[in-house]
Enquirer: 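My questions will all concern the structure given below.
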There are 2 protein chains.
Amino acid sequence: MPRRHCANQRLREQVGRWTEPRNVILDVLSHSKGHLSAKEIYDALYITHPRIGITTVYRTLELFLRLGFIQKVISPDGEAHYELRTEGNKGHHHHLICLRCGKIIDYQDFADEELELVKKTEKVLTQKHNFLILYHNIEFLGLCDKCRKDAGDI
Amino acid sequence: MPRRHCANQRLREQVGRWTEPRNVILDVLSHSKGHLSAKEIYDALYITHPRIGITTVYRTLELFLRLGFIQKVISPDGEAHYELRTEGNKGHHHHLICLRCGKIIDYQDFADEELELVKKTEKVLTQKHNFLILYHNIEFLGLCDKCRKDAGDI
DNA sequence: ATTATTAATGAAAATGATTATCATAAACTT
DNA sequence: AAGTTTATGATAATCATTTTCATTAATAAT
């Protein structure tokens with residue numbers, strides 16, 4: 001388990017045993033900027049750790065999700081992609097998703113208002129629906145630069 | 001094809017033939033508030049139109065999506081749900097999604113700022129990434145009222 | 001340290017949503 | 001009414017994700 005987390009009692013309990021596969025999978029996630037699918041993680045792993053099965057990748061991603069280490073983004077075709085969540089609000093970003101090729105672009109240049117608005121909205125919703133909000137996704141869907149050009153056949 | 005659309009030349013071309021299945025599927029969508037999965041639509045149909053196959057449901061949803069009649073929301077487990085898109089901004093809403101049971105709650109009480117902010121953000125993003133934004137999703141993920149209570153076993 | 005206990009792993013099979021195939025049927029055209 | 005084209009639906013294929021279960025590795029107990 002990453003050093004910054006192992007002091008956290010609640011996490012320690014949920015984690016159970018911190019194993020090599022978990023270590024390596026976290027490593028792959030932290031050394032790639034993108035939003036990796038389970039398959040992509042498995043492939044990246046396979047080079048150095050061919051013994052690690054894709055089942056473990058799925059199980060580990062589920063664990064990391066529960067622990068809040070990562071975030072899940074589902075692309076338009078329904079495939080799940082995962083990315084590391086950064087500490088605090090540093091690195092927090094939203095997504096631009098291309099409906100044609102599935103490309104995911106991050107953007108981070110929020111207006112200051114954006115964060116405030118989200119906070120405010122969360123508060124209202126929490127009260128009104130008694131919903132415990134853990135995180136949010138904001139995504140803009142459309143066509144990316146490339147696909148705009150060769151999108152005659154949509 | 002719904003009367004308000006049949007004057008639209010571009011739509012007419014994309015639609016081709018307006019058939020009974022398409023009519024019925026649109027009907028199911030417009031008579032339910034929720035976010036229906038393909039299976040749910042198929043089941044609803046089956047009572048009155050057992051001859052309509054689930055393949056047609058999928059194909060028709062894809063068509064409606066292309067035409068902009070409906071919107072696709074993918075739940076945390078990756079299953080797609082579809083809902084009618086309303087004219088203009090009436091009925092525009094965002095989602096609260098429960099990570100445990102997958103329940104989707106709509107909310108519509110935006111701050112006025114929300115719409116403005118979205119517009120502003122869209123403009124910035126369009127310019128910066130040359131991305132054509134068609135629509136956006138804002139969703140808050142967490143635990144719903146019910147699941148908060150019996151969530152001991154997460 | 002060694003053994004016992006328990007949790008994590010991985011191979012293989014199962015699941016389940018979505019897509020592709022293709023022969024048939026329905027809708028338009030002439 | 002006959003011919004042409006498009007949509008349909010049954011079936012099979014695909015593909016991401018889950019389940020199952022025997023094996024292995026990590027922690028606890030001795």
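Just so it is clear: chains get the letters A, B, ... in the order the sequence lines come, proteins before strands, and each one is counted from 1. The figures that follow rest on heavy atoms only: side chains count, while hydrogens, waters and symmetry mates do not.
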Enquirer: 5' to 3' on DNA chain D, which nucleotides open and close the contacts with chain A (atom under 4.0 Å from a heavy atom)?
Expert: D/dA16 to D/dT27
Enquirer: Which residues pass the side-chain hydrogen bond (donor to acceptor under 3.5 Å, both in side chains) test with B/Asn130, not counting sequence neighbours?
Expert: A/Asp145, A/Arg148
Enquirer: Need two values: the first and the last nucleotide of DNA chain C, 5' to 3', having an atom under 4.0 Å from any heavy-atom of chain A.
Expert: C/dT6 to C/dA12
Enquirer: Taking the axis from the first five pairs and the axis from the last five, what angle separates them in the helix from C/dA1-D/dT30 to C/dT30-D/dA1, rounded to 10 degrees?
Expert: 30°
Enquirer: Can you name the residues that form a salt bridge (Lys or Arg N to Asp or Glu O under 4.0 Å) with A/Lys128, not counting sequence neighbours?
Expert: B/Asp109
Enquirer: If only side-chain N and O atoms count, and only distance matters, is there a donor-acceptor pair under 3.5 Å linking B/Glu83 with B/His81?
Expert: no
Enquirer: Between A/Leu29 and A/Phe64, is any pair of side-chain heavy atoms under 4.5 Å apart?
Expert: yes
Enquirer: I'd like to check A/Val57 versus A/Leu61 (side-chain heavy atoms, cut-off strictly below 4.5 Å). Are they in contact?
Expert: yes
Enquirer: Verify, without hydrogens or angle tests, whether B/Arg22 (side chain) and B/Leu63 (backbone) share a donor-acceptor contact under 3.5 angstrom.
Expert: no
Enquirer: Using the test side chain to side chain contact (heavy atoms under 4.5 Å, CB included), find all partners of B/Ser30 that sit at least two apart in sequence or belong to another chain.
Expert: B/Asp27, B/Leu84
Enquirer: Looking at every strand, decide which applies to A/Ile52 at a 4.0 Å heavy-atom threshold: base, sugar-phosphate, or nothing.
Expert: sugar-phosphate
Enquirer: Walk me through whether A/His136 and A/His92 qualify under ring-ring contact (aromatic ring centres under 6.0 Å, His included).
Expert: CA-CA 11 Å; A/His136 64 265; A/His92 178 68; 5.0 Å; yes
Enquirer: Show me the pairs that pass side-chain hydrogen bond (donor to acceptor under 3.5 Å, both in side chains) and involve residues 45-63 of chain B, at least two apart or across chains.
Expert: none
Enquirer: Does anything in residues 55-65 of chain A reach DNA chain D, meaning a heavy atom under 4.0 Å, and if so which residues?
Expert: A/Thr55, A/Tyr58, A/Arg59
Enquirer: Is it true that B/Leu45 and B/Ile70 fall in one hydrophobic cluster, defined by side-chain heavy atoms closer than 4.5 Å?
Expert: yes
Enquirer: Starting at the 5' end of DNA chain C and moving along, which residue's nearest nucleotide shows up first, B/Arg51 or B/Glu79?
Expert: B/Glu79
Enquirer: Under the side chain to side chain contact (heavy atoms under 4.5 Å, CB included) test, which residues partner B/Ala80, sequence neighbours left out?
Expert: B/Lys72, B/Tyr82
Enquirer: Tell me, do A/Gln71 and A/Leu65 make a side-chain contact under 4.5 Å, heavy atoms counted?
Expert: no
Enquirer: Taking only residues at least two apart or on different chains, which pairs with a member in residues 31-46 of chain A satisfy salt bridge (Lys or Arg N to Asp or Glu O under 4.0 Å)?
Expert: A/Lys39-A/Asp43
Enquirer: How would you list, by chain and number, every residue that makes a side chain to side chain contact (heavy atoms under 4.5 Å, CB included) with B/Ile97, sequence neighbours excluded?
Expert: B/Pro76, B/His95, B/Ile104, B/Glu139, B/Leu141
Enquirer: Taking only heavy atoms on the protein side, list every residue of residues 20-36 of chain A lying under 4.0 Å from any atom of DNA chain C, sorted numerically.
Expert: A/Pro21, A/Arg22
Enquirer: Would you name the heavy atoms of B/Phe140 and A/Phe131 that are closest together and state the gap between them?
Expert: O-CE2, 4.3 Å
